[in-house]
Amino acid sequence: MSISHQERTIISLIKSCTKKSHLLQLHSHLLRTSNFYNPTIFLSFLSRFALPPLRDLSYSSRIFAEFSQPNVSLYNTMIRAHSLNHESARTGLLFYQELLHLGILSNAFTSTFALSCCMKIKCLLNGLQIHSRILKDGHLCDSFLFTSLMDFYSCLDKGAEACKLFDEMSHRDTVAWNVMISCYMRSGRKRDVFPLFDMMRNSNGCQPDDVTCLHVLQVCASLNALEFGTKVHKYIVENGINTGRNVFNSLIAMYSRCGCVEKAYDVFKQMDNKDVVTWSAMISGLASNGYGRDAIEAFELMLKEGISPDDQTFTGVLSACSHSGLVNEGRKFFNSMKTNFGVRPNIHHYGCMVDLLGRAGLLEEAYDLINSMKIQPDATMWRTLLGACRIHLHVALGERVINNLIELKAQEAGDYVLLLNIYSSLGNWDKVIEVRKLMKDKGIQTTPASSTIEWKGKVYEFVADDISHPRKKEIYEMLDEINQQLRIAGYVSEITSEFNNVDSRSKQYVHSYHSEKLAIAFGILCTPPGTTIRVAKDLRICVDCHNFSKMVSAVYDRKIVIRDRNRFHHFQGGQCSCNNYW
DNA sequence: GCACGCCCGT
């Protein structure tokens with residue numbers, strides 16, 4: 001059905017309105033000239049008001065209710081409008097149910113928007129109903145809807161369902177692969193993402209796009225998979241995946257997270273359209289790799305370029321100060337961020353400050369800062385302070401902090417271990433026994449730490465005392481040999497103050513088989529002298545493994561880079577880049 | 001050429 005010239009003129013007028021007031025003026029004009037309730041014009045008007053940038057849900061709901069002959073297009077617009085955020089998604093589903101109730105025929109768009117509502121409010125049941133209706137109406141041939149459905153299942157932790165749909169798909173497009181990848185990431189199957197990327201490249205019909213690369217780079221960063229990340233970088237360059245800045249921003253983050261800040265800087269340097277995200281990524285990268293001064297310099301350069309910092313920029317800047325022990329600078333930035341840049345401190349900013357002050361030994365100041373916050377402190381914040389209590393062996397505050405964690409019902413084994421370590425460092429064995437008994441009584445399990453190492457583009461994961469690896473015999477033999485060599489070189493296992501596995505009867509035994517040692521042994525096994533071994537650990541490295549790594553780097557002539565959480569330890573020739581263990 | 005869609009950067 002074609003539309004008249006007059007209708008077209010009015011619609012282009014509606015589209016040209018960039019302000020609500022203009023639209024409202026137009027509204028009264030259209031009412032006066034009896035054009036408003038023309039279905040074509042009404043739809044155009046409603047969608048202008050229901051969707052960003054002028055989105056006004058209550059206003060659009062009101063005029064929608066005034067319209068006497070709602071059709072599927074108008075309902076779609078209303079469902080779509082309400083699917084955009086969590087608060088309104090339930091209302092979106094009400095519109096969907098109303099449409100079904102009125103017997104109006106839905107289309108693929110309707111289901112896509114309704115599914116999007118279900119994802120926002122995590123409602124599996126409604127989604128299942130929509131799925132069966134999609135099948136009944138024969139709408140599953142719509143590829144957008146198909147991938148929405150996959151994403152819906154993935155979002156609701158039904159990864160198996162998403163996989164099933166993917167397997168059934170006759171023509172997988174790029175988005176379907178992307179949804180599958182994000183599904184793996186969500187469900188903790190990060191290591192399976194790499195083969196998926198390779199399969200996608202070898203598939204016919206579609207190739208990885210910018211979104212694929214964003215996903216895969218995120219996985220590389222998280223798994224410390226430099227080799228695969230470099231491969232993705234090559235793919236990006238060779239295939240011209242540079243539609244926006246996003247991919248390059250992610251490359252900066254990936255290289256930084258893999259401990260290659262030089263590579264990150266190479267990418268950064270060659271970008272001629274750096275935005276606030278680019279700068280923030282670079283600043284954070286420099287910060288986490290221990291280049292605090294350079295991070296601050298980058299921040300100042302960014303200001304000179306006329307880019308306004310945002311909250312994430314300050315997270316980077318403050319973490320730079322905390323990683324490099326720049327207490328005064330940190331205080332200065334923290335105090336100026338709101339007044340000079342209009343960025344209100346959030347929980348991450350406070351967290352950086354607590355870390356900064358805590359590491360500097362200003363424990364009371366850190367504690368006061370937490371208590372002065374307008375926002376509720378979370379478990380991470382208390383844990384940061386507890387870590388500082390461990391460094392400075394501050395028993396009294398450590399006990400207070402543990403109580404705060406218990407109040408939050410967030411206490412974990414690691415927290416008690418930190419407290420335990422404070423007591424044992426001070427030789428307070430009665431307290432050590434007491435805490436261990438407490439942990440036993442409460443049934444608190446230590447979560448096994450894991451270390452990952454990449455070899456030939458594949459990521460291997462080890463946990464303490466791991467026996468699951470196919471080459472375990474070789475690895476354990478190598479570890480024994482290393483221990484022997486290190487003993488000859490004068491290494492003594494330090495077991496007095498640090499132990500992560502409190503259930504162990506034999507500390508010495510557990511030390512020998514910490515996950516990072518297994519990963520390093522595997523690395524020595526696989527690589528020739530002169531190469532770099534990169535290990536990522538989810539918990540903090542212990543002082544014994546730190547010494548061990550130092551020695552191995554000298555005796556076996558390897559560079560060893562260990563990332564524990566978000567800090568890097570670079571070992572070379574028997575030295576570590578960080579001056580002390582902490 | 002009447003609106004509307006899936007995956008997404010620090």
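Here is how names work: the chains are called A, B, and so on, in the same order as the sequence lines, proteins then strands, and each is numbered from 1.
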Establish whether the base of [N] is bridged to the side chain of [X] by a donor-acceptor pair shorter than 3.5 Å.
X	N	answer
A:Ser250	B:dG9	no
A:Asn76	B:dG5	no
A:Asp210	B:dG9	no
A:Ser73	B:dA3	yes

Would you kindly give the [atom1]-to-[atom2] distance between [X] and [N], to the nearest whole Å?
X	N	atom1	atom2	answer
A:Asn71	B:dC4	CG	C1'	12 Å
A:Met78	B:dC4	CE	C1'	13 Å
A:Met119	B:dC7	CE	P	6 Å
A:Leu318	B:dT10	CG	C1'	15 Å
A:Gln207	B:dC7	CD	C1'	17 Å
A:Asp151	B:dC6	CG	P	10 Å
A:Phe95	B:dG5	CZ	P	18 Å
A:Leu74	B:dC2	CG	P	15 Å

Within the supplied structure, the quantity of interest is the number of heavy atoms (other residues, nucleotides, ligands) at a distance under 6.0 Å from [X] [atom1]; does it exceed 12?
X	atom1	result
A:Lys274	NZ	yes
A:Arg90	CZ	no
A:Lys122	NZ	yes

Given [options], which nucleotide is nearest the side-chain atoms of [X]?
X	options	value
A:Thr147	B:dC6, B:dA3, B:dT10	B:dC6
A:Ser182	B:dT10, B:dG5, B:dC7	B:dC7
A:Ala108	B:dG9, B:dC7, B:dG5	B:dG5
A:Leu145	B:dG9, B:dG5, B:dA3	B:dG5
A:Val175	B:dC6, B:dC2, B:dT10	B:dC6
A:Arg245	B:dG9, B:dA3, B:dG5	B:dG9
A:Phe113	B:dC4, B:dT10, B:dC2	B:dC4
A:Leu43	B:dC8, B:dC6, B:dC2	B:dC2
A:Ser148	B:dC6, B:dG9, B:dG5	B:dC6
A:Leu51	B:dC7, B:dG5, B:dC4	B:dC4

Under 4.0 Å between any heavy atoms, over every strand shown, what does [X] touch: base, sugar-phosphate, or nothing? Just pick one.
X	answer
A:Val179	sugar-phosphate
A:Asp209	nothing
A:Ser280	base
A:Asp173	nothing

If we count only N and O atoms by modelled type, under 3.5 Å, do the side chains of A:Ser148 and A:Asp151 hold a donor and an acceptor together?
no

Report the distance from atom NZ of A:Lys164 to atom OH of A:Tyr153, rounding to the nearest 0.5 Å.
8.0 Å

Residue pair A:Tyr350, A:Phe334: steps toward the ring-ring contact (aromatic ring centres under 6.0 Å, His included) verdict:
CA-CA 9 Å; A:Tyr350 281 105; A:Phe334 186 74; 5.4 Å; yes

Does A:Lys15 make a side-chain N or O approach to OP1 or OP2 of B:dG1 shorter than 4.0 Å?
no

Going through the distances and angles, do A:Asp378 and A:Arg383 end up as a side chain to side chain contact (heavy atoms under 4.5 Å, CB included)?
CA-CA 9 Å; A:Asp378 61 0; A:Arg383 213 157 275 147; over 6 Å; no

For atom P, what is the distance between B:dG5 and B:dG1, given to the nearest Å?
16 Å

